[in-house]
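Read through the structure below, which is laid out as structure tokens, and then see the notes.
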Amino acid sequence: MTDTFRRTVAGILILLVAGMCVLPWYGTIFDSRFPTSFDLRIYTRIMIFAIVVIGLNILVGAAGLVSLGHAALYGFGAHVAALLALRAGVGFVPGVIGSVALTAAMGAVLAYPSVRVRGVFLAVITVAFGLVFVNVLREWVPVTGGASGLSSIPRGEFLGLPLTLRPNAWYALYYVVLFCLVLSFLLQYTILRSYLGRAMRASAMSENAARALGISIIRTRTIAFMISAGFAGLAGALFTNLALFVNYESFRFTQSVEFLLMAILGGAGTLLGPLVGTVTVFYSSVLLQAFEQWQTFFYGLMLLVVLFAMPKGVVGSIEGWLVQRQSSGRTPASSDWPHWTPDLEGVVRPPAAGQTETLRLEGLTLRFGGLVAVDSVDLVATTGSVHALIGPNGAGKSSVINMISGFYRPSAGTIRLAGHDVTGVASTDMAAAGVARTFQNTELFGAMSALENVMVGFHGSFSCGILAAAARTPAARRQEAQARAQAKALLDFVGLTEFADVAASSLPFGHQRRLEIARALALRPRLLLLDEPAAGLTHGEIEDLVRLIQVLAKRNLTILLVEHHVDMIMAVSDHVTVLDYGQVIASGRPGEIRENPRVIEAYFGHAAKPTPHQETVQ
Amino acid sequence: MGASIQYFLSGLSIGGVYALLALGFSMMWSVARAANFNHGDIFMVGGMGTVVFLGLGLPVWVSAVLAILIATIAGALIERFLIRPFNREPNSVGWMLTTVAIGVMIVGASTALLGSAARPLPSPLMDEPLRIGGAGIFPQELLLPAVAVLTTLALYLFQSRTHLGRAIRAVAANRTAAELMGIDADRVTLYVFAVAGGLGALAGFLVAPVIQASTTIGLAFGLKAFMVAIIAGITNPAGVVIVALVFGVVERFIEGYFSTSARDAVGFSIMILVLLAFPQGIFARKEVAKV
Amino acid sequence: MTTSPLLSIEGLQVRYGAIEAVTDATLSVMPGEFVGVIGSNGAGKSSTMRAIAGVLRPAGGKVRFDGADVTGRRGHAMVHLGVAMVPEGRMIFGDQTVRENLLLGAYSRVMRNDQSVGQDMDEVLELFPRLRERIGQLGGSLSGGEQQMLAIARGLLSKPRLLIVDELSLGLAPKILDMLFPILAGLNARGLSILLVEQMASYALQVTSRTYVMENGRTMFSGPSRELAHDDRVLDAYLGRHRSD
């Protein structure tokens, strides 16, 4: 998105907010009956809905999770606020804070057990929560009032003004809700653009890559759900103050579907989507009221139509169209790489004094059921060396990489990293310990830009908390700016500066491989695992890759390389270990390995041993 | 003692409904790694459809067969048009949204047309309760777990003894390999969704005399069955049926010893706790994650 | 000389997202021929085979079988046309018995009510007596070599006109390979056309009559296998001697 476009949108939004600020006074200024207090009530209600949808948008659009129970979370917040006001005489502001906190906590309770498995489970649990919630409201009469609900909730006050929609109180409620909406919108913006927002999107696009970069999937998703629930709690508390009456009728399953429809119709993951979606669906539902009992049917139909015709929603489709229009005609050029600059000195973790070996595998074994994929592998990678791991297809090379990076738990044996035993440590912690990796079939975060991909790699370097990131405290800004600058330096290193804003999935394949390496370097690794980095690259690109590996090794980064391109292995590696049937069959300097008869046999088979072609050596 | 037997038997009855629905979820998930999220509404079509056709003067068996037939076709159509196009990538959520949408449409339309009142379905098996150890239970209620267990057995035999059954298992195990055997994996998936729809409707028809049919019962039943399937380990049909029956019994005991209103809250909480203890499901088979 | 090829592919391309695995694969198999495709890992051999067998949709190019354009047909349709593939990694149905796996191999014929399946089953078990011994065992409990036998047997039971074998040697010990390659040669001698993809060039060059060499997603050159066995270019493609020394 260009800056002019961004500025235009920001300008429109500021005008919109200004308009909304003036709106209640329109009647007074122009001596018109509009807006009546009924109109204002409707606008307030739409704003409250938009707050729920903003929360849902973070969940669906960024974290890729579906909630079908947001109406219940909204109702939960509403009831917390109502009960705090009725039973404990709590004032408006503490009441709202209580609602947000308790609803977010409820969200964590729902999300934590379910997000670890699959997204669908969370969706199921949210529906269940919705049903139980309505059930409890109906049955637990002493607390919730049952069908008659909670009424005569005391009207809250803010800055000494009663929260009403009347001119004599300066339309205090309207302005409070407007303020909350603007705040929610800004929070949505800051959260989605913070390291946390990137982690959410990364976890949704590739769990493996996210884990390899030190992101905990469960934690990230649970936080996403908590945040989303927090917005619902805020909206619920505001609703209570608007209606001064709550019962289960407003928080049924159909309402959850309506919220979801708003988020998706607007465009999940976009900033403006929630606003567009909420207004569109709200006014359609006013029209649909004419159909009486057919109303819910039409919600379903609308959702279906949107999913078929406009899966990215209104805003998402417009953005996609703009990006397409803008990108046509201009192709960025790749610059020379590897391009080492002094800014990059911090990229490699300096080895501890006296450390000579980075990685030591002893008797490493992996069994799948009865199958032994890796059989007692011993390997030592000295610090600053390039160690190649080769062998025919199915020899167990990738399994070794997956164990070192914590994706597979070894069945036996030990893994030592810089002297420390790290056997069985999970991938997320391995990343923190300084093990970075790339994947055989490049696992980039496709819809994120090249720059954002690298910035995800800096996830672990953010020490500011979620709240600080959302509030953009000076510390958070500084860390963000630093990560951005370093990510740019890394992009420059691999020659992708001009592609910084291009979505990773639309990069040419060779560039994707480079980007993945840049992203891995963002971890400041002490050990870099490259799983077939040359596969699919042209000869020229392979030569560049060789130089990149050499540059890094010269800076004392230890590299373990799984590769088939013998050219490259010979050119770049200090030491080669050959696996066959999961066992080490040879280990030595590249020159020795190439003439080793067992290695030749492993690759070619023994049926007709090829004659040595010494004559080709000039 | 008599009360316990009563809870146990009527729990088995409702557990039989969960079992038939959960079995459908298990079948769908196995072949497609997706399911009709609102399978419960297909179940509702079985009960309400029968009642409606009966009201039109058709004999009860014809009505039931018609309702089940409609559900079968609906299952196939939902797979073809709402799941297949929205399940192209692993972990996609599109199919959830489309099937929720169609579920809302089915419930919305049927409520608008038929009203939300519960409707009885007469059955000769509801005339005289059987006396078992001080408990009284109608034969219709015992029919449900019996049908569930028999269906599971029949399904097992079908999948191990027939060519199509083996093809279904092949598709569930490895779609690519199944295609290389000459099996049209898409068509097999369609069949499975059709059968799951039919089984769901059968459950709806069988339970209607016990609990009365209404247009809105599908959501809760479908949801519980889905959760049961998940906590049992969704790709293991026998495990799914066992957990479904147990869950039905547990629910009745909660009703008996706490209160009816506590049933869902306690029941769901138990399921969430079980899921915490067994994230992959109780009877799950190990799946090796591919990196 | 007048016979037309059983299989011919021209300019085949395969893409995985932005990744171009195969940029230009062109090859043909005459009726009764035993053709090999060799090349180092990642050269695009398996992707080419998967595109022919209909497991992948080619991004470009043409696939002709028996004169008809079959580009983009799905896997099961190719089986019905007479193309069977023994896939890379074997893909045995681990929770089904050897017998059930074999019956699945004959699925397309059973569905047509082909009466000769039982007889063919006997023949196949004659060829692989080890499978007869293990007929009631689950596929997952077999050793790698036995699984490969089962995969071949399963492929044969669809009575193919062309058998594609993808990486026969994958993870198998030389002893087993010494047994399996002659079996393929025997099948070819009885008239079956075979397209063999093999990383272990020496085996492939020994049993096939003609071989294509693939590198970087392209079929680079081809020739009679006997000649290629002594062609430096083949070894170079693997060991990269032409550049590094």
Side-chain angles (χ1 to χ4, degrees), chain A residues 60 64-66 68 109-110 112-114 116-121 123-125 127-129 131-133 135-136 138-140 204 207-208 212 253-254 257 260-261 264 291-308 311 368-369 398 401-402 405 407-408 439-440 443, chain B residues 29 33-35 37 81-82 85-86 91-98 100-113 115-116 216 219-220 222-224 226-227 229-231 259-269 271-277 279-281 286 288-291:
Chain A
V60 179
L65 299 173
V66 173
L68 284 160
V109 169
L110 291 177
Y112 181 73
S114 48
R116 64 166 84 191
V117 201
R118 279 197 190 96
V120 61
F121 298 179
V124 173
I125 294 221
V127 186
F129 174 69
L131 291 185
V132 170
F133 180 69
N135 190 7
V136 167
R138 214 167 9 197
E139 307 290 341
W140 201 14
E207 287 190 21
N208 284 337
F253 179 71
T254 320
V257 175
L260 199 59
L261 173 60
I264 289 169
F291 294 95
E292 293 167 31
Q293 308 101 316
W294 286 89
Q295 202 179 344
T296 50
F297 172 84
F298 281 105
Y299 281 144
L301 187 63
M302 272 170 80
L303 184 53
L304 211 53
V305 168
V306 171
L307 287 167
F308 269 101
F368 290 122
S398 286
I401 294 268
N402 284 334
S405 53
F407 280 86
Y408 291 167
F439 293 87
Q440 212 169 27
E443 295 233 15
Chain B
W29 190 270
R33 296 292 177 272
F37 205 92
F81 296 106
L82 299 182
F86 292 90
N91 299 325
S92 46
V93 292
W95 59 267
M96 264 194 259
L97 302 174
T98 50
V100 165
I102 194 74
V104 169
M105 287 167 69
I106 292 173
V107 176
S110 51
T111 309
L113 291 171
S116 55
T216 50
L219 183 62
L223 183 75
K224 286 178 190 173
F226 203 172
M227 281 191 80
I230 288 168
I231 65 168
S259 70
T260 312
S261 43
R263 182 192 64 202
D264 286 355
V266 177
F268 279 124
S269 305
M271 283 206 264
I272 290 179
L273 289 177
V274 174
L275 191 62
L276 260 177
Q280 303 288 342
K286 259 206 158 159
V288 178
K290 186 127 175 66
V291 177

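In what follows, chains carry the letters A, B, and so on, assigned in the order in which the sequence lines appear, proteins first and then strands, with residues in each chain numbered from 1.
- Residues Leu131(A) and Leu219(B) meet the side-chain proximity criterion, which asks for heavy atoms closer than 4.5 Å.
- Looking only at heavy-atom pairs under 4.5 Å with chain B, the residue among Gln293(A), Glu139(A), Met302(A) that has the most is Glu139(A).
- Atom CZ in Phe298(A) sits 9.0 Å away from atom CE in Met105(B) (nearest 0.5 Å).
- When all heavy atoms are compared, the tightest approach of Met96(B) to Val120(A) is CE-CA, 3.6 Å.
- Closest heavy-atom contact between Gly108(B) and Thr296(A): CA-OG1, 3.4 Å.
- The heavy-atom pair separating Ile272(B) from Pro113(A) by the smallest distance is CG2-CG, 3.6 Å.
- Among Leu223(B), Asp264(B), Thr111(B), the residue making the largest number of heavy-atom pairs under 4.5 Å with chain A is Leu223(B).
- Heavy atoms of Ile264(A) lying under 4.5 Å from chain B belong exclusively to its side chain.
- You'll find the side chain of Phe308(A) reaches within 4.5 Å of the side chain of Leu82(B), heavy atoms only.
- Across Val93(B), Ile230(B), Val107(B), the residue that shares the most heavy-atom pairs under 4.5 angstrom with chain A is Ile230(B).
- Scanning both residues, Ser114(A) and Leu275(B), for their nearest heavy atoms gives CA-CD2, 4.4 Å.
- In this structure, chain B has a heavy atom under 4.5 Å from the side chain of Phe253(A), while its backbone stays farther away.
- What you find for Leu307(A) and Phe86(B) is that their closest heavy atoms are O-CE2, 3.7 Å.
- Proximity to chain A involves both the backbone and the side chain of Thr98(B), based on heavy atoms less than 4.5 angstrom apart.
- Contact of the Ile125(A) side chain with the Phe268(B) side chain is not registered, since no non-hydrogen atoms from C-beta on lie closer than 4.5 Å.
- Both the backbone and the side chain of Val127(A) come within contact range of chain B, each with at least one heavy atom under 4.5 Å from a heavy atom of that chain.
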